[in-house]
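What follows is a single structure, written as structure tokens, with notes after it.
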Amino acid sequence: MADDGRGAKRQKTSGAEMDPKANPYLAHHYEEESNGYSNGYSNGFSRSKKASSTVFDNLIRHQTSSKDAEVAENGPNNAFTGQPLSNRYFNILKGRRNLPVHTQRQEFLDMFQKSQILVFVGETGSGKTTQIPQFVLFDDMPQLQGKMVACTQPRRVAAMSVAQRVANEMDVPLGEEVGYSIRFEDKTSPRTILKYMTDGMLLREAMTDNNLSRYSCLILDEAHERTLATDILMGLLKEVARRRPDLKIVIMSATLDAQKFQKYFKIGEDPAPLLAVPGRTHPVEIFYTAEPERDYVEAALRTVLQIHATEPEGDILLFLTGEEEIEDACRKIGLEADELVREADAGPLKVYPLYGTLPPAQQQRIFDPAPPPHKPGGRPGRKCIVSTNIAETSLTIDGIVYVVDPGFSKQKVYNPRIRVESLLVSPISKASAQQRAGRAGRTRPGKCFRLYTEGAFKKELIEQTYPEILRSNLSMTVLQLKKLGIDDLVHFDLMDPPAPETLMRALEELNYLACLDDEGELTHLGRLAAEFPLDPSIGVMLISSPEFYCSNEMLSLTALLSVPQLFNRPASARKRADEMKELFAHPDGDHLTMLNVYHAFKGPEAQRDPKQWCHDHFLSYRALQQADNVRSQLKRIMEREDLELMSTPFEDKKYYENIRRALVSGFFMQVAKRDGSGKTYITVKDDQSVLLHPSTVLAQEAEWVVYNEFVLTTKNYIRTVTAVKAEWLLDIAPMYYNIEDFKQGEIRRSLQKTADTLRRKEALKAGKSRK
DNA sequence: GAGCACTGC
């Protein structure tokens, strides 16, 4: 179909695109509309043909009222598609009109129309995440602009489930007018006008489109969570708002911290306008323990079973800290509950684990209804969800009446002095505890059992968890900011600026990696590294790998390093699991072992029944699948950037050596040297005394090792280690291994010795060749 | 002799 023909036809027939020229308020947008956006829109065109006119014909952008929107929502046809609205739609609509946000729709519109930036505070149950973006749609009419409204979420599951919910509310198939976009999955189409996405995804988009020009309105949800991506986006949006006066911004938050957001987004000297909507939650009765609990997992299990045995109907939500703890607890609760059924005639109890790395299908199971009684009239069944922090915020599960809160979660902590990021089980904040308790009052009055004393709550818990930006290694963030075109990092306006030392560390690290030059400017390598969703050191390693003839292998390894735990080691079968791991072990280290696992996984034997094969070999099928996913994403980027994919032939005796050398090209700052002849190692430059993690396959003899991570538990461990040679360090990272920069000691002596030997060898060679 | 919450076109 010819372009001009389509354009003419659209004006007459597409309701959503109805004669923009006739509307003086839209005239200036007409030109934009004929670029790009119209391409795919014509595909879905026949659908909207039936609607010869729509409610939007009579509305003026940014001048609508809540009444207008309500009339539009009342149908009988869908305002955006022209299709007749379903019965389900009208049923859901009734519920939506009962949400607290609904009563303030006009107030919201007034503020939205008046101000470029708006802070919106809605407590849980206010309906803000689902309703506000829809309020925006009816007034902002992105479909007439060829633009979209985006609503960011810190987590993938939330983006997916909210998008599904809103698609239902708007009576459209998910992925059409309403879609979502997360890593590995873009469920949107050219028709999409409302897109839920992860905050990280929007940040990624900002790197290629610094003005975020595809959007007419950006809604940052759950801003109070202060994820790294949210914090950077907020700083960025302040700048984009200046460059794009047409862009509307809504910051949504759940807590009392609203003033901080208002002040940060001040317009001139005035704080950004604020709209607060009360939540709708039922009262939650809080119980504390009289004495501190020694073993919180054990106490949690006891509490769950007690609730099941004695409390009236209602589902249970238990917060624990990690995957294994959760799986373990689920098994134990299941067993004990069966006993309760047999011995005390308790109702059936279904136990579901919930954590981020769980496959989506299994995550969905938490929404299954509670089991019915064993026999008619018997004691009611209930479900118990054992979850990480993921259930604390975005993911809401209706029907929860009892919350068990041991008061811990795994949190990232960063120590800039020794440049170590680690996960630690730490006490939660008061805000978190309140959030957790609130989960019990979604559908009716509930109870929250805190497994700590009231005194501990009041005196020991901090008010708010520190924002992530203050707890992270910022090398990737700094690289992203550079890529986003932020040159002056020191004056980039962040809500909570990180310590100067942390920034300096990041700049220094990027300089060593040659991602930034001595002036702090992005280098070609830095620009490339920013294209990869990887830590800069790993990105650099991958980019350099063609020089070591092993980019195919490094692609696999990089993918493996960015997914969770590969090796399963269930408490019940540790010995078997270790034996299986031995099958893949490479004497030179864990990186090579992981690579062996991946190759075996992709081999014909495993591929006959990969799930079973993984199970038999105590490997995480999910992790390997995820690695495969990551690998293809990284491969696409490699190809796009013209980085060559190659391998050293497996028969070549340099096959593994090349891989180990390539490891050094990225990990040269994560190197440790054996201390004398003992078991301890010393990290290069930071002089930390560390031990090889007991999970390593590496024999203790290795003089020098590169390590993937530092694990702080009972002792200082380095995990995932591979043996390297001192001469490679000098050869591959001469800038970092400039011997004069090292203080006197074992490491310097050893490097010096290596350098001397190398020089003698060179001299010998030169002498020989002269003869 | 041990433990990865959350995210990334």
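Naming: A, B, ... by sequence-line order, numbering from 1 per chain.
- Rounded to an integer number of Å, the gap from A:Leu320 CG to B:dC4 C1' is 15 Å.
- For A:Arg719, a side-chain nitrogen or oxygen approaches OP1 or OP2 of B:dC4 to under 4.0 Å.
- Taking only side-chain atoms of A:Lys410, from C-beta outward, the nucleotide of B:dG8, B:dG3, B:dT7 with the closest atom is B:dG3.
- The distance from atom CG of A:Leu228 to atom P of B:dC6 is 16 Å, rounded to the nearest whole Å.
- One finds no side-chain N or O of A:Tyr355 lying less than 4.0 angstrom from the OP1 or OP2 phosphate oxygen of B:dA5.
- Cation-pi check for A:Arg450 over A:Phe457 is met; the charged atom lies under 6.0 angstrom from the ring centroid and within 45 degrees of its normal.
- Atom CD1 of A:Ile326 is separated from atom C1' of B:dA5 by 9 Å (rounded to the nearest Å).
- Among residues two or more places apart in sequence or in another chain, the ring pair (Phe, Tyr, Trp, His ring centres under 6.0 Å) test is passed with A:Phe408 by A:Tyr296.
- Following rounding to the nearest Å, A:Glu323 (CD) and B:dA5 (P) show an atom-to-atom distance of 6 Å.
- A:His617 is linked by a ring pair (Phe, Tyr, Trp, His ring centres under 6.0 Å) to A:Phe584, A:Trp613, counting only residues two or more places apart in sequence or in another chain.
- Contact between A:Leu634 and A:Pro533 at its shortest, heavy atoms only, is CD2-CD, 3.9 Å.
- Counting to the nearest Å, the C1' atom of B:dC6 and the CD1 atom of A:Ile182 are 13 Å from each other.
- Closest to the A:Arg156 side chain, of the nucleotides B:dG8, B:dC4, B:dC6, is B:dG8.
- The side chain of A:Tyr717 sits closest to B:dG3 out of B:dC6, B:dA5, B:dG3.
- Both A:Gly322 and A:Gln480 sit near DNA chain B, but only A:Gly322 has its closest nucleotide nearer the 5' end.
- With B:dA2, B:dC6, B:dG8 as the choices, the nucleotide that has an atom nearest any side-chain atom of A:Glu468 turns out to be B:dC6.
- Close to B:dG3, at under 4.0 Å from its OP1 or OP2, lies no side-chain N or O of A:Thr321.
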